[in-house]
Amino acid sequence: MAAFDTFDPWDPAFVADPYPAYAELRARGRVHYYEPSDQWLVPHHADVSALLRDRRLGRTYQHRFTHEDFGRTAPPPEHEPFHTLNDHGMLDLEPPDHTRIRRLVSKAFTPRTVERLKPYVERLAGELVDRLVAVGGGDLLADVAEPLPVAVIAEMLGVPESDRAPLRPWSADICGMYELNPSQETAAKAVRASVEFSEYLRELIAQRRKSPGDDLISGLIAAHDEDDDRLTEQEMISTCVLLLNAGHEATVNATVNGWWALFRNPGQLAALRADHSLVPSAVEELMRYDTPLQLFERWVLDEIEIDGTVIPRGAELALLFGSANHDPAVFAAPDRLDLTRRDNPHISFSAGIHYCIGAPLARIELAASMSSLLEKAPTLRPTAEPERKPNFVIRGLAGLPVEVV
């Protein structure tokens with residue numbers, strides 16, 4: 001049996017629980033070529049962690065090669081709005097462009113900016129949970145998990161409340177392109193969302209140029225270095241979209257994945273309810289236990305070798321975060337949820353130069369919603385088996401029905 005016979009990102013049974021297949025991959029070697037997606041699968045924590053920091057790999061290759069030079073086909077022209085938006089964000093850039101943009105964004109996205117949001121995050125989390133409790137329950141995804149991080153990022157960016165309704169649908173449509181082999185329909189939705197979101201942000205940036213405020217967009221406009229280098233309009237648009245997409249997708253899915261894991265591990269949930277000081281370590285363990293981003297891709301810019309297998313320039317690696325976070329070489333009893341786990345070097349926020357710039361904010365949001373639910377809804381329980389989204393790369397639930405008894 002091939003090492004990837006049980007690895008099938010389009011099989012609902014695999015999507016429901018990919019972790020046994022990951023164990024097989026790890027047992028059968030350090031790297032496996034997977035023809036359906038034309039990628040090399042890397043399942044071990046040590047390799048994933050090292051390769052995230054390896055400068056022979058890149059999120060893009062276009063800073064060094066043309067599509068033809070790299071042996072790849074250029075995207076269809078009709079996809080251009082998505083790629084223009086995606087390719088100018090720092091997540092899909094390499095130095096020197098990545099270095100320049102991240103440095104400028106960091107001037108606006110400071111630890112003080114994030115810390116200043118903490119009271120707002122905690123207040124909003126409390127209000128959302130109060131509403132859930134007042135009606136005796138609802139959908140934890142739609143009522144708490146989604147509204148919190150979307151509102152927080154929108155508040156940071158300075159998006160007026162009256163304009164926020166399309167943000168989540170735009171984000172969901174754009175993120176569909178990050179799945180393996182997206183369909184034409186998925187691509188069309190992503191292109192349409194890219195156009196609409198870009199047009200909206202272009203207008204908002206123009207307003208902030210005329211009338212700056214105490215928000216991140218105004219900060220991005222003002223950010224410059226000692227050479228007066230500034231973000232272009234497209235870089236600002238791409239940065240705002242990246243901050244919204246990355247700034248809530250992981251948090252939304254970590255919230256519902258985490259609570260579903262707690263409901264299925266009642267002993268751990270009881271321990272957490274008895275001792276709220278476990279919240280910080282619980283956040284880290286739940287991010288590890290059911291990883292919201294299962295896979296991160298890297299292009300091979302210069303030939304590398306993994307365990308005797310030569311991976312040529314032009315190949316693509318699929319770094320399996322979900323598998324790395326369950327590697328027994330790093331985590332004792334990795335398939336057991338342990339909210340007291342102290343040695344927890346999970347890589348759910350990536351590593352290296354592309355380490356998630358929003359990780360501190362995500363931790364604040366996850367802790368705030370968890371603490372509010374523990375305090376205000378101590379009898380929270382699921383009312384039905386939740387439906388899982390069919391996506392593999394971005395792992396989450398379609399909903400999580402709950403009641404407060």
Side-chain angles (χ1 to χ4, degrees), residues 108-168 171 204 208 212-220 240 243-259 262 269 272-273 275-284 286-287 292 349 356-380 396 399-400 402-404:
F109 198 87
T110 63
R112 189 171 63 180
T113 305
V114 173
E115 194 60 32
R116 200 168 64 224
L117 278 167
K118 192 172 181 180
Y120 171 78
V121 173
E122 292 174 343
R123 184 175 71 251
L124 180 56
E127 291 170 359
L128 292 168
V129 173
D130 282 340
R131 285 180 217 155
L132 184 80
V133 172
V135 295
D139 180 358
L140 194 62
L141 175 77
D143 297 336
V144 178
E146 275 190 350
L148 178 63
V150 173
V152 170
I153 294 294
E155 188 77 10
M156 280 188 75
L157 292 174
V159 176
E161 283 193 39
S162 56
D163 293 353
R164 293 177 186 178
L167 296 181
R168 174 64 173 161
S171 175
L204 191 59
R208 290 295 180 272
D214 186 22
D215 56 71
L216 191 56
I217 288 179
S218 299
L220 293 175
C240 290
L243 290 174
L244 178 80
N245 291 354
H248 83 273
E249 281 290 345
T251 310
V252 170
N253 293 317
T255 301
V256 289
N257 290 349
W259 275 97
L262 288 170
L269 179 54
L272 181 60
R273 283 173 169 160
D275 182 3
H276 294 186
S277 71
L278 289 174
V279 166
S281 62
V283 166
E284 302 304 318
L286 292 165
M287 289 281 290
F349 290 118
C356 177
I357 197 171
L361 179 58
R363 287 185 165 108
I364 288 172
E365 292 169 347
L366 290 166
S369 67
M370 180 177 287
S371 295
S372 289
L373 286 162
L374 291 169
E375 291 163 12
K376 298 170 181 285
T379 59
L380 189 74
L400 182 52
V402 294
E403 64 180 0
V404 182

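We find the OG-NZ distance between S371 and K376 to be 11.0 Å, quoted to the nearest 0.5 Å. To the nearest 0.5 Å, atoms CE (M156) and CD1 (I217) are separated by 11.0 Å. Summarising the geometry, atom CG belonging to D275 is positioned 4.0 Å from atom CG belonging to L278; distances are rounded to the nearest 0.5 Å. For the atom pair CG (L373) and CH2 (W259), the distance works out to 5.0 Å, reported to the nearest 0.5 Å. The CD1 atom of I364 sits 13.5 Å away from atom OH of Y120, with the distance rounded to the nearest 0.5 Å. Note that OG1 of T255 and CG of L141 are 9.0 Å apart. Values are rounded to the nearest 0.5 Å.
A pairwise comparison of heavy atoms in L204 and P160 identifies CD1-CD, 4.4 Å as the closest pair. When all heavy atoms of P149 and V252 are compared, the closest pair comes out as CG-CG2, 3.7 Å. Minimum heavy-atom separation, C240 to L157: SG-CD2, 3.9 Å. Minimum interatomic distance between L272 and A282 (heavy atoms only, all atoms of both residues): CD1-CB, 4.2 Å. Minimum heavy-atom separation, L286 to G258: CD2-O, 3.6 Å. The two residues L244 and L167 come nearest to each other via the heavy atoms CD2-O, 3.7 Å.
By the side chain to side chain donor-acceptor pair (under 3.5 Å) test, R208 is found to be paired with D215, residues two or more places apart in sequence or in another chain being considered. Applying the salt bridge (Lys or Arg N to Asp or Glu O under 4.0 Å) test to E127 and every residue at least two apart in sequence or in another chain returns nothing.
Between S171 and H248 there is a side-chain heavy-atom pair separated by less than 4.5 Å. At least one side-chain heavy atom of R273 sits less than 4.5 Å from a side-chain heavy atom of L380. Between V404 and P378, every side-chain heavy-atom pair lies at or beyond the 4.5 Å cut-off. Under the 4.5 Å side-chain criterion, counting only non-hydrogen atoms from C-beta, V152 is in contact with L361.
Using a 4.0 Å cut-off between charged side-chain N and carboxylate O, E155 and R164 make a salt bridge. Between R168 and E249, at least one side-chain nitrogen of the basic residue sits less than 4.0 Å from a carboxylate oxygen of the acidic one, meeting the salt-bridge criterion.
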side-chain contact (heavy atoms from CB on, under 4.5 Å) between V279 and L366, worked out:
CA-CA 9 Å; V279 166; L366 290 166; over 6 Å; no
With side-chain contact (heavy atoms from CB on, under 4.5 Å) as the criterion, how do R363 and E284 come out once you've worked through the C-alpha distance, each side chain's angles and the decisive distance to 0.1 Å?
CA-CA 8 Å; R363 287 185 165 108; E284 302 304 318; 2.6 Å; yes
Applying side-chain contact (heavy atoms from CB on, under 4.5 Å), run through L148 and T251 and close with a yes or a no.
CA-CA 9 Å; L148 178 63; T251 310; 6.0 Å; no
Hey, can you pull the donor-acceptor pairs under 3.5 Å for the side chains in residues 131-138, sequence neighbours left out?
none

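Without hydrogens or angle criteria, S218 side chain to G213 main chain gives a donor-acceptor distance under 3.5 Å. For D143 (side chain) and D139 (main-chain N/O), a donor-acceptor pair under 3.5 Å exists by modelled atom type.
Side chain to side chain, S369 and S372 fail the donor-acceptor criterion of an N or O pair below 3.5 Å.
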